[in-house]
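Have a look at the structure below, then the notes.
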Amino acid sequence: MKTTEIKELTSKEIVERLQVEKENLVRLRLNHAVSPLDNPMKIKESKQTIARLNTVLRERELKENQN
């Protein structure tokens with residue numbers, strides 16, 4: 001998920017998406033521990049998406065505090 005797509009979402013949708021991505025990351029890590037994934041880069045992509053979601057949420061929080 002790209003940053004431009006994330007910025008189009010509402011804060012509530014971002015929080016929901018963040019929950020889904022965190023669950024997905026846990027599932028990927030567990031599956032990778034049991035047997036190697038076909039594409040281990042999915043773990044990295046999931047972590048990056050979580051970071052992007054958190055960054056956008058934090059930007060919005062700081063913007064609200066400034067006003």
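For reference, positions follow the sequence shown, starting with 1.
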### Message
Quick check: do Arg58 and Glu61 have side-chain heavy atoms less than 4.5 Å from each other?
### Response
yes
### Task
Quick one: closest heavy-atom pair of Leu18 and Leu57, and the distance?
CD2-CD1, 4.2 Å
### Query
Does Arg17 pair with Glu21 as a salt bridge, N-O distance under 4.0 Å?
yes
## Note on the structure
Separation between NZ (Lys7) and NZ (Lys2), nearest 0.5 Å, reads 14.0 Å
### Task
Report whether Val26 and Leu53 are members of the same hydrophobic cluster (ILVMFWY, side-chain heavy atoms less than 4.5 Å apart, transitive linking).
no
### Heavy-atom pair of closest approach, residues Ile6 and Arg52
CD1-CB, 3.6 Å
### Task
To the nearest 0.5 angstrom, please state how far the CD1 atom of Ile14 sits from the NZ atom of Lys12.
13.5 Å
### Query
If two hydrophobic side chains count as joined below 4.5 Å and joins carry through other members, does Leu25 share a cluster with Val20?
no
### Task
Can you establish whether the number of heavy atoms outside Asp38 located under 6.0 Å from its atom CG is more than 12?
no
### Task
To the nearest 0.5 Å, tell me how far Glu8 CD sits from Thr10 OG1.
12.0 Å
#### Entry: Cationic N near anionic O, under 4.0 Å, Lys42 to Glu45
no
### Partner set under side chain to side chain donor-acceptor pair (under 3.5 Å) for Ser11, not counting sequence neighbours
Arg60
### Query
Hey, is the main chain of Ala51 close enough, under 3.5 Å, to the side chain of Thr55 for a donor-acceptor pair?
yes
### Message
When you compare the side chain of Lys63 with that of Glu59, does any pair of heavy atoms fall below 4.5 Å?
### Response
no
## Note on the structure
Rounding to 0.5 Å, atoms CG (Asn54) and OG1 (Thr49) come to a distance of 11.0 Å
